[in-house]
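Predicted, not measured: the structure shown is a model, and the values here were computed from it. Note: hydrogens, waters and symmetry copies are ignored here, and every other heavy atom, side chains too, is used.
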Amino acid sequence: ELSATLWGYIKTSRDKLGASMLQQILSVSAAVINEIINNIVMISILLSAAFLIREREHGTIEHLMVMPLSSFEIMISKILAVYIIVLIGVCFSIFFIVEILLQIPISGSIVLYLFSTFLVLFATTSMGVFIGTVVKNMPQLGMVFILTILPLMMLSGTMSPYESMPLVLQYLMNLMPTSNFVELSQAILFRDAGITIVYKQMINIFLIGVVFFTITLLIFKKSLKLNG
């Protein structure tokens with residue numbers, strides 16, 4: 001009877017230890033993926049804005065204006081440059097850092113996640129070009145960037161539970177691409193969700209990107225005419 005009681009205690013302790021270790025592994029995995037999401041948003045906004053401001057400061061934007069290029073083509077070139085840089089960084093982070101170096105298993109489709117990243121970059125790079133069009137120099141960019149990126153990161157669900165926020169903030173953040181991207185990424189990479197499950201978030205991200213791109217293109221075109 002004593003051995004049975006002791007064995008039951010050992011088994012219970014082992015189950016609790018295993019559950020605790022599993023919880024730690026899951027928390028580390030979530031932290032790593034959340035950092036990748038935050039870096040995608042932060043780098044894409046900052047680079048697209050900085051490219052435009054540096055060209056304005058060096059006077060190369062005037063060179064583009066005299067070339068037979070439309071404002072749409074100039075804006076697309078800025079966005080595509082950031083696309084290439086960020087997507088290369090995401091592939092390196094997932095395949096080398098996460099899977100090889102940290103040995104964190106990813107259960108979902110990486111191809112679907114990269115396609116989702118492609119969609120969210122459409123929105124975040126448009127936000128960056130918008131900021132680069134509005135501000136005049138790099139110091140102003142630094143201040144506006146901090147005021148923009150902190151709410152996007154803190155209220156998107158990567159730093160605090162999305163459900164614990166007030167309903168007003170939840171409705172407001174649904175209009176931002178980051179919240180949809182966080183929900184979509186966690187569903188794909190952690191729960192092996194397919195496109196039939198996350199298609200709503202993907203459509204939301206695309207529509208938000210279209211709105212941001214259209215507004216930014218109109219403002220960017222107006223700024224080029226004023227500079228010209």
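Scanning for salt bridge (Lys or Arg N to Asp or Glu O under 4.0 Å) contacts around R191 gives an empty result, with sequence neighbours left out. Qualifying ring-ring contact (aromatic ring centres under 6.0 Å, His included) partners for F122, counting only residues two or more places apart in sequence or in other chains: F213. Residues satisfying the side-chain contact (heavy atoms from CB on, under 4.5 Å) criterion with T216, sequence neighbours excluded, are M75, S126, V129, F130. Legend: residues meeting side-chain contact (heavy atoms from CB on, under 4.5 Å) with I188, ordered by chain and number and at least two apart, are L112, Y113, S116, L184, V198.
Proximity of M153 to V41: side-chain heavy atoms (C-beta onward) are nowhere separated by under 4.5 Å. Residues I195 and M202 form a side-chain contact, since some pair of their non-hydrogen atoms from C-beta on lies under 4.5 Å apart. Between F115 and S109, every side-chain heavy-atom pair lies at or beyond the 4.5 Å cut-off. Between N34 and Q186, some side-chain heavy-atom pair lies under the 4.5 Å cut-off. Side-chain contact between I45 and L152 is present, with at least one heavy-atom pair separated by less than 4.5 Å. Between T117 and F181, some side-chain heavy-atom pair lies under the 4.5 Å cut-off.
Of all heavy-atom pairs spanning G132 and I53, the tightest one is O-CG1, 3.8 Å. The two residues G128 and A49 come nearest to each other via the heavy atoms O-CB, 3.1 Å.
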Only distances under 3.5 Å count here; give the side-chain donor-acceptor pairs of residues 88-100 to other protein atoms, sequence neighbours excluded, each with its distance to 0.1 Å.
residue	atom	partner	partner atom	Å
S93	OG	G89	O	2.8

Side-chain donor/acceptor pairs under 3.5 Å, residues 138-151, sequence neighbours excluded:
residue	atom	partner	partner atom	Å
Q140	OE1	K136	N	3.0
T148	OG1	V144	O	2.8

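Annotation: the span from L175 atom CG to N180 atom CG amounts to 9.0 Å, rounded to 0.5 Å. Rounding to the nearest 0.5 Å places CD1 of I205 at 14.5 Å from NZ of K200. Taken to the nearest 0.5 Å, the CD1 atom of I43 stands 13.5 Å off from the OG1 atom of T125. One distance of note links CG of N137 with CZ of R54; it measures 10.5 Å at 0.5 Å rounding. To the nearest 0.5 angstrom, L217 atom CG is 10.5 Å from I74 atom CD1.
No chain of hydrophobic side-chain contacts below 4.5 Å, direct or via other Ile, Leu, Val, Met, Phe, Trp or Tyr residues, connects L218 to F220. Both L189 and L101 are assigned to one and the same hydrophobic cluster, defined by single-linkage of ILVMFWY side chains at heavy-atom distances under 4.5 Å.
Other residues, nucleotides and ligands contribute over 12 non-hydrogen atoms within 6.0 Å of the OH atom of Y83.
With hydrogens and angles ignored, the 3.5 Å screen pairs no side-chain donor or acceptor of S179 with any backbone N or O of M176.
Judged by distance alone, the side chains of T124 and S44 do bring a donor and an acceptor atom under 3.5 Å apart.
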Next on the checklist: Test side chain to side chain contact (heavy atoms under 4.5 Å, CB included) on L121 and L87; report intermediate values, then the result.
Outcome noted: CA-CA 9 Å; L121 285 176; L87 287 178; 4.0 Å; yes

